[in-house]
Amino acid sequence: MSLFAQYRDVVLMAVASRVDAGELPPGLPLERISVEPPRDPAHGDIATNAAMVLAGAAKMAPRALAERLIGDLATASGVSAASIAGPGFINLRLKPEIWRAEVSAILRAGIAYGASAIGGGEPVNVEYVSANPTGPMHVGHGRGAVVGDALASLLEKAGYRVTREYYVNDAGAQVAALARSLYARYLVAVGARPDGHFATLLAEGAVAYGGDYLIEAAQALAARDGSQWVDAAEDAWLPALRDFAVERMMALIEADLAAVGIRFDVTASERALVAGGGVDEAVALLAERGLLYTGVLEPPKGKLPDDWEPRPQTLFRATQFGDEVDRPLRKSDGSWTYFAADLAYHLDKFRRGFRTMIDVWGADHGGYVKRMQAGVNALTGGAGALDVKLCQLVTLLDGGEPVRMSKRAGTFVTLREVVDRVGRDVFRFIMLTRKNDAPLEFDFQTVTEQSKDNPVFYVQYAHARCCSVMRHAEATLGAAAATDAALAAAPLDRLADPAELDLIRAMAGWPRVIEAAAEAHEPHRIAFFLQELAALFHLLWTRGKEDTELRFLNPDDEALTLARLALVRATAIVIASGLNVIGVNPVEELR
RNA sequence: GCGCCCGUAGCUCAGCCGGACAGAGCAACUGCCUUCUAAGCAGUAGGUCGCAGGUUCGAGUCCUGCCGGGCGCGCCA
């Protein structure tokens with residue numbers, strides 16, 4: 001339990017004892033009480049809004065209510081002072097040994113420090129990337145991949161049972177178009193058409209996917225199947241080529257993702273879902289609940305599609321669940337819309353035991369959120385909840401100049417190109433330096449330079465400095481004295497400098513960051529926490545440069561040295577713990 | 001036209017499901033290297049939190065309207 005959770009209990013006990021004593025009425029809204037670090041550290045170590053949030057129900061002035069509570073709080077274990085401030089805040093000052101004990105706790109917990117049980121083992125499904133299997137990943141996909149993966153790790157750290165999932169859209173028109181593009185490449189590969197044939201088709205718009213990656217795929221297809229498809233009818237070759245292409249593209253995508261250290265527990269296929277009758281089942285369920293009807297939609301406002309014509313179709317009553325219009329489930333050719341299949345897919349997730357589902361999408365899918373949430377709401381009878389994290393665009397720059405698009409990939413700069421250039425750790429960290437709904441600028445020059453302009457480096461450098469100190473310590477004191485177990489028993493009361501206590505307080509906040517970020521589904525908070533923690537460590541380091549008394553290694557005072565080594569080691573552990581959640585390897589040396 | 005997201009210091013952005021004088025980095029100016037990696041640190045300066053109302057003891061945070069930017073708007077996914 002985090003320190004703040006512990007003191008929340010202390011506050012609750014103080015309230016309960018005043019209720020027992022008849023000084024406060026029963027039935028107060030205790031859930032509104034928060035216990036957190038005050039924004040201004042000068043106010044104390046721990047602040048609670050208890051008096052203010054209970055004032056209404058207790059029919060008392062906040063400060064008067066605070067007076068009732070403060071006696072119990074001032075004498076609570078570990079509290080050195082309690083005061084009432086401002087509109088009715090109660091500020092607690094903790095004895096320094098409470099903070100110091102946190103250093104031992106970190107050393108004993110190791111990289112697991114910060115783990116929480118608030119998830120209570122509840123299953124959560126995080127679906128991310130889910131790019132069409134039509135080509136290599138581009139950087140935009142990479143952002144969603146990192147956000148989803150870090151969010152999944154974050155939730156695991158907070159005690160949820162997480163499934164990482166990829167939904168393969170292998171049933172729609174996109175993959176048919178992919179198969180046609182592959183066929184055109186194939187005809188060239190087996191020599192049935194001249195070299196320029198593909199370029200001509202592409203220019204005419206007869207094929208959709210012009211990326212070079214289909215050349216290799218076509219050669220592989222030719223090697224496997226020879227020229228058997230050359231004179232075949234489309235009906236004959238399309239299914240075979242589609243399967244071949246999807247399999248090939250998924251291998252490509254999985255390799256790209258592996259380069260960023262991302263893997264999935266479950267890969268769900270849209271085609272398998274449709275073939276297995278999942279869509280019929282979901283649609284039947286909606287029909288059963290009276291949520292389907294046949295109707296004609298108004299034409300969309302704004303840009304009207306060229307071939308718009310009103311026609312009756314099967315509609316889902318999404319408007320009953322907060323959507324703007326009712327949504328079609330069938331295309332004019334009788335097949336299911338993507339939305340229908342996605343409904344079935346989310347119903348499937350729910351039936352697999354996930355009441356909480358999180359989808360990470362690109363911002364261009366923003367218009368799709370309400371209908372999907374409406375669908376989940378309808379299909380689960382309100383028991384399932386879908387949260388959608390929309391990732392805004394990534395703009396690639398090089399020294400402030402926009403990066404030109406790559407021909408090889410078709411249109412976009414590939415994820416692989418970027419990761420090969422900057423490394424997976426840099427890529428992952430930078431992708432979390434903005435909240436997901438803000439656009440992100442990714443400048444090759446900035447993210448690879450070694451200065452404090454580069455947040456990845458800045459955090460890594462703090463960790464490397466910690467490791468450097470430990471290496472020096474081991475050289476003089478011996479490895480046995482510098483183990484985590486040995487340091488946990490160091491005389492921590494020697495840590496008395498305000499800058500040292502500031503660092504400890506920040507580290508003690510790590511469990512809170514995990515819990516708050518997990519509840520908000522916001523992995524970027526970890527990156528910001530790490531930057532703050534690194535800053536505090538760099539500050540302390542430089543103080544030691546200026547004032548020999550504050551140096552970590554003090555040859556004349558071994559007890560003091562051990563206490564400070566405990567602090568340094570704890571810092572390294574918390575940084576590593578944070579980097580671990582976002583999937584970045586902490587480095588031990590930067591040379 | 002409608003929906004979603006965004007609007008915080010000159011620039012890039014935080015701001016923890018309303019809380020105590022609004023934070024950081026960059027850029028600018030001033031300092032700190034015989035000492036654990038100066039690839040760092042400290043200080044100074046800089047903001048009507050887009051605008052106008054509303055709810056509240058209390059609003060950058062919630063509600064309404066407007067302004068500005070991005071994304072999207074049957075038979076694509």
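Order of the sequence lines fixes the chain letters, A, B, ..., with proteins taken first and strands second; residue numbering starts at 1 for each chain. Please read all numbers here as calculations on a predicted model, not as lab measurements.
A stem is defined here as three or more consecutive Watson-Crick or G-U pairs, each with both distances under 3.5 Å; for RNA chain B these stems are B:1-7 with B:67-73, B:10-13 with B:23-26, B:28-32 with B:40-44, B:50-54 with B:62-66.
A:V426 meets the side-chain contact (heavy atoms from CB on, under 4.5 Å) test with A:V422, A:I430, A:V447, A:V456; sequence neighbours excluded.
Residues A:F429 and A:L579 meet the side-chain proximity criterion, which asks for heavy atoms closer than 4.5 Å.
Enclosure of atom CD in A:E588 is not indicated, since only 12 or fewer non-hydrogen atoms of other residues, nucleotides or ligands lie within 6.0 angstrom. A:E558 CD: 12 or fewer foreign heavy atoms inside a 6.0 Å radius.
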**OP:** List the protein contact pattern of nucleotides 3-13 of chain B with one symbol per nucleotide (5' to 3'): B for base contact, S for sugar-phosphate-only contact, - for none; contact means a heavy-atom distance under 4.0 Å.
**Re:** SSSS-----SS
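In this structure, A:H365 places its NE2 atom 15 Å from P of B:C71, rounding to the nearest Å. Going from atom CG of A:L503 over to atom C1' of B:G40 covers 16 Å, rounded to whole Å. A:D547 has its CG atom 16 Å from the P atom of B:U35, to the nearest Å.
Using cut-offs of 30° and 60° on the angle between ring planes, the pair A:F552 and A:F537 is parallel.
Among the heavy atoms of the strands lying under 4.0 Å from A:R512 is at least one base atom, whether or not backbone atoms are also near. At the heavy-atom level, A:A520 lies nowhere under 4.0 Å from the strands shown.
Atom CG of A:L54 and atom CZ of A:R32 lie 8.5 Å apart (nearest 0.5 Å).
Within 90° of 0 lies the glycosidic angle of B:C33, which makes this nucleotide syn.
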